[in-house]
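Notes follow once the structure below has been shown.
Everything numeric in this text was worked out from a predicted model, so none of it was measured.
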Amino acid sequence: PLSEGEVTLRTLFESEESALLRYAFSLTGRRAVAEEIVQEVFLQLHARWADVESPRAWLFRSVRNRAFHHLRKSQREILQSDEVVDAPSAKSNDIGPGGEAPEAQVLRMETAAALRQLLGQLSETDRQLVRLKYFEGLKYREISQRTGLTISNVGYRLHHILKHLASKL
């Protein structure tokens, strides 16, 4: 028999899954990543169900945080991978040194180049926000202290910068 909490969690899943998937996709630009993020967040909510006061808000905040974490991690991998890509392939079956097919390496290199170009087109303030958040890993509060912007303005600007970059990529 299901308890009332589990029924509520199921109802919440049924009512919010599509919106959360769209939100995660709008942040990451990749359907598979969005699905994984939403699944992980619902599993976390299930584990913390008794402690979460506002589940819908918690879900959206958690999806946003996971998506940004994924983007930061991907950003570091893309920027670090440019040095590795030029190495000769160690295998004879057309898989590169990182276990990646040449087409995927080229796509990653092109994406990294396009991202660097787009970052170069941002205002100095926006570039600084991206650098502090995604390269130095600072929290909004720390970025606010360094830049003099309010914490909410830092979050708002970073959100819109990411949406802009994703749409251009």
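More than 12 non-hydrogen atoms from other residues, nucleotides or ligands lie less than 6.0 angstrom from CZ of Arg64. Within 6.0 Å of atom CD in Gln39, 12 or fewer heavy atoms from other residues, nucleotides or ligands are found, so the atom counts as exposed in its surroundings.
Atom-to-atom distance recorded for His70:NE2 and Glu36:CD is 8.5 Å, nearest 0.5 angstrom. Residue Ser123 holds its OG atom at 3.5 Å from CG of Asp126, rounded to the nearest 0.5 Å. Note: Lys133 NZ to Phe68 CZ = 8.0 Å, rounded to the nearest 0.5 Å. In this structure, Arg48 CZ and Ser62 OG are separated by 7.5 Å, a value rounded to the nearest 0.5 Å. The CZ atom of Arg127 lies 12.5 Å from the CG atom of Leu132; values are rounded to the nearest 0.5 Å.
Tyr134 places a side-chain heavy atom less than 4.5 Å from the side chain of Leu158. Between Arg72 and His69, some side-chain heavy-atom pair lies under the 4.5 Å cut-off. Counting heavy atoms from C-beta outward, Val38 and Leu59 have side chains that stay 4.5 Å or more apart. Side-chain atoms of Arg22 and Glu17, non-hydrogen and from C-beta on, never get closer than 4.5 Å to each other. Side-chain contact between Thr147 and Thr125 is absent, with no heavy atoms from C-beta onward closer than 4.5 Å. Taking the side chain as every heavy atom from C-beta outward, Ile37 and Val33 approach each other to under 4.5 Å.
Ring to ring, Tyr156 and His160 are close: their centroids are under 6.0 angstrom apart.
At a threshold of 4.5 Å between side-chain heavy atoms, the hydrophobic network of Ile, Leu, Val, Met, Phe, Trp and Tyr places Leu20 and Phe25 in two separate groups.
Between Ala166 and Ser26, the shortest heavy-atom distance links the atoms CB-O, 4.5 Å. Pairing each heavy atom of Trp58 with each of Val52, the nearest pair is CB-CG1, 3.5 Å. Shown here for Leu119 and Val130, the closest heavy-atom pair between the two residues is CD2-CG1, 3.9 Å.
Scored by the ring pair (Phe, Tyr, Trp, His ring centres under 6.0 Å) test, Tyr23 finds Phe60 as partners (sequence neighbours excluded). Taking the side chain to side chain donor-acceptor pair (under 3.5 Å) definition, one finds that Glu35 meets it with Arg31, sequence neighbours left out.
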Identify all side-chain donor-acceptor contacts of residues 139-146 below 3.5 Å with residues at least two apart in sequence or on another chain.
unit_1: Glu142; atom_1: OE1; unit_2: Lys139; atom_2: N; d: 2.7
unit_1: Ser144; atom_1: OG; unit_2: Leu149; atom_2: O; d: 2.5
unit_1: Arg146; atom_1: NH1; unit_2: Glu136; atom_2: OE1; d: 3.0

Derivation of the side-chain contact (heavy atoms from CB on, under 4.5 Å) call for Leu162 and Leu27 | CA-CA 7 Å; Leu162 286 180; Leu27 296 172; 5.6 Å; no
